[in-house]
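Let me give you the structure first, and then I'll get to my questions.
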2 protein chains.
Amino acid sequence: MSQHRHPGASGRAGVVPALPDLPEATVARLPEYLRALHNLAETGHETISSEGLASAAGVNSAKLRKDLSQLGSYGTRGVGYDVALLIDQIEYVLGLTQRRAVALVGVGNLGHALAGYDGFATRGFRIAALFDADPKRVGEEISGLVVRHIDDLPRVAAEEAIAIGVIATPAAAAQRVADELVAVGVTSILNFAPCVLSVPDGVDVRKVDLAIELQILSFHEHRKASLTRLPATGGSTLTALPGGLAAPDTQEAIGT
Amino acid sequence: MSQHRHPGASGRAGVVPALPDLPEATVARLPEYLRALHNLAETGHETISSEGLASAAGVNSAKLRKDLSQLGSYGTRGVGYDVALLIDQIEYVLGLTQRRAVALVGVGNLGHALAGYDGFATRGFRIAALFDADPKRVGEEISGLVVRHIDDLPRVAAEEAIAIGVIATPAAAAQRVADELVAVGVTSILNFAPCVLSVPDGVDVRKVDLAIELQILSFHEHRKASLTRLPATGGSTLTALPGGLAAPDTQEAIGT
DNA sequence: CGCGATTTGTGCACGTCTTCACAAGCGCCT
DNA sequence: AGGCGCTTGTGAAGACGTGCACAAATCGCG
């Protein structure tokens with residue numbers, strides 16, 4: 001289903017405009033801009049040019065300007081962007097004006113680390129409850145929170161307005177946990193389990209798989225190694241030892 | 001991400017073909033296919049159709065076929081793909097035929113969890129060494145590995161062929177660690193610190209930021225909430241409570 | 001008050017990714 | 001052997017994202 005934009009319907013009365021529907025690629029970059037802006041604010045900057053903010057966020061300046069223009073931004077030509085204003089803008093668009101409650105399910109190896117990760121607290125979220133299915137883990141206290149049994153999820157969800165569920169269970173349990181989260185009204189899930197979740201329409205799932213990230217890097221390693229074995233067109237002097245098909249590890253080959 | 005491709009290095013005769021340079025989007029999906037294929041192999045499947053594999057991997061079947069065709073695939077029309085053969089193909093392309101050594105820097109909250117995460121070991125990697133800058137942490141044993149001081153990195157890198165560096169330090173230390181990794185020849189970095197790393201050309205960096213993932217979800221939550229408040233086209237004016245349990249009927253499909 | 005320096009916002013062209021739709025190929029059954 | 005149903009591989013078209021280049025807008029200064 002294509003989303004239709006309302007070109008002229010932005011004239012909503014009030015200071016807070018209706019949410020524009022941003023391109024996904026832009027949404028994915030806004031948090032990075034926000035982090036860079038907070039850094040800039042702490043170092044005393046009141047305004048920042050698109051070039052400066054772009055390099056702080058690790059992107060191209062044209063892309064950044066286009067992204068910010070999507071949210072009807074308020075930059076000043078010849079000057080730049082007001083840092084504080086832009087922070088407010090982005091935080092509003094991302095829905096960070098309220099501190100959203102997060103439920104974390106699975107307090108194993110990774111769950112422990114996530115429960116103690118202060119990046120959540122400092123960037124707009126509050127871990128409201130920890131859950132696990134293992135009775136031996138229920139009752140344990142982690143970072144000031146007591147682990148509850150997953151069966152208590154409905155009751156806790158009724159008390160706290162859980163906005164986001166984080167799944168840090170083994171893959172085998174992830175789908176059932178997702179179903180239970182959806183059942184209590186959670187519509188956003190961050191999944192660390194290496195499996196595909198199926199959820200009804202209207203529920204957003206984002207997946208983080210650490211091994212996949214490494215495998216992508218491995219591909220590039222593999223490709224770089226195979227390139228150095230081939231004679232390059234520019235005649236670089238990097239011809240390593242040609243070990244035939246049994247490729248030895250290209251150790252510290254790149255020396256800039 | 002800043003790689004340039006070498007034109008003309010294609011059709012190379014021989015048993016092991018030269019690496020085709022795949023689209024990044026395809027590379028990012030191959031690990032997911034691989035995981036699904038391993039599941040299928042364990043459940044006894046010998047062949048699988050593109051439709052079946054696609055649904056197991058959570059993608060569209062046309063996309064999957066195009067992805068696999070990129071690597072000169074070996075499907076059989078009317079039958080499907082040979083599971084074992086496809087696993088070998090993908091593992092070769094991803095460079096997983098050798099078990100790559102990973103150096104993990106920063107054994108704080110997150111680093112501890114990563115050191116104990118068995119998904120690395122089971123999916124083609126070996127954590128070869130742990131490092132930290134804090135003398136109080138040096139010497140500690142985690143999952144059978146002793147934490148070394150970051151200053152020992154050059155010596156360890158000379159012994160083990162470190163292929164990938166994982167940074168799990170605070171943001172303030174990440175850039176220096178990255179520089180040191182690059183200095184000892186590491187050309188692939190997985191960065192968990194919330195900051196932008198600058199590295200020379202030829203070094204790949206992938207970033208995982210847990211708070212950013214939550215913020216992206218927060219945006220969609222915010223948008224969904226604002227949509228339910230507005231009367232949709234032909235709208236049934238059901239006013240859902242914030243965090244309500246009712247599933248509204250007019251939810252837009254959100255690309256994940 | 002006007003001019004030049006600077007920086008934003010954006011039209012446009014280009015490249016990448018996705019999706020559809022269908023011909024080509026394969027195995028099975030008669 | 002031949003036909004039929006099923007599945008892959010791919011051309012083409014459309015959607016999406018990116019980057020250039022420049023007009024429009026703003027500030028500071030003489």
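Within every chain, numbering begins at 1; the chains are lettered A, B, ... in the order of the sequence lines, protein sequences first and strands thereafter.
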### Under 4.0 angstrom between A:Ser50 side-chain N/O and C:dT7 OP1 or OP2
no
### Nearest heavy atoms of A:Arg65 and A:Tyr81, plus distance in Å
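What the structure gives for the nearest pair is CG-OH, 3.9 Å.
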### Message
Whole angstroms only, please: what is the CZ-P distance between A:Arg65 and D:dA24?
### Response
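Interatomic distance, CZ of A:Arg65 to P of D:dA24: 16 Å.
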#### Entry: Shortest non-hydrogen separation from A:Ala171 to A:Cys195 and the atoms involved
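In terms of heavy atoms, the two residues are closest at O-SG, 3.9 Å.
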### Minimum heavy-atom distance between A:Ile90 and A:Leu30, given as atom pair plus value
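Minimum heavy-atom separation between A:Ile90 and A:Leu30: CG2-O, 4.0 Å.
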### Query
Please give, in whole Å, the distance from C:dT8 C1' to A:Leu71 CG?
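A:Leu71 atom CG is separated from C:dT8 atom C1' by 14 Å.
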### Message
Can you tell whether the side chains of A:Glu221 and A:Lys224 come within less than 4.0 Å, N to carboxylate O?
### Response
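Yes, A:Glu221 and A:Lys224 are salt-bridged.
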### Task
Can you tell me the distance, in whole Å, between the CG atom of B:Leu53 and the C1' atom of D:dG9?
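Between C1' of D:dG9 and CG of B:Leu53: 15 Å.
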### Task
Check the distance between C:dT8's P and A:Gln70's CD and give it to me in whole angstrom.
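Roughly 16 Å, once rounded to whole Å.
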### Message
Rounded to whole Å, how long is the line connecting atom OH of B:Tyr74 with atom P of D:dG9?
### Response
11 Å
#### Entry: Test log, rule side-chain hydrogen bond (donor to acceptor under 3.5 Å, both in side chains), inputs A:Ser188 and A:Asp204
CA-CA 5 Å; A:Ser188 291; A:Asp204 284 298; 4.7 Å; no
#### Entry: Neighbours of DNA chain D within residues 75-85 of chain B, by heavy-atom distance under 4.0 Å
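Heavy-atom cutoff 4.0 Å gives B:Gly75, B:Thr76, B:Arg77, B:Gly78, B:Val79, B:Gly80, B:Tyr81.
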### Query
What's the CG-P distance between A:Leu64 and D:dG17, to the nearest Å?
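From A:Leu64 CG to D:dG17 P: 16 Å.
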### N/O (side chain, B:Lys63) to phosphate O (OP1/OP2, C:dT19) under 4.0 Å
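Affirmative; the distance criterion is met.
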### Query
Rounded to whole angstrom units, what separation is found between the CG atom of A:Asn60 and the P atom of C:dG15?
16 Å
### Message
Looking at B:Arg123 and A:Asp209, is there a salt bridge between them, counting it only when a charged N and a carboxylate O are closer than 4.0 Å?
### Response
yes
### Query
Roughly, in whole Å, what's the span from CD in B:Glu46 to P in C:dG27?
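These atoms are roughly 15 Å apart.
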### Message
Can you say whether a donor on the side chain of A:Lys66 sits under 3.5 Å from an acceptor on the base of D:dG19, or the other way round?
### Response
yes
### Query
Which pair of non-hydrogen atoms, one from A:Ile164 and one from B:Ser218, has the smallest distance, and what is that distance?
CD1-N, 4.3 Å
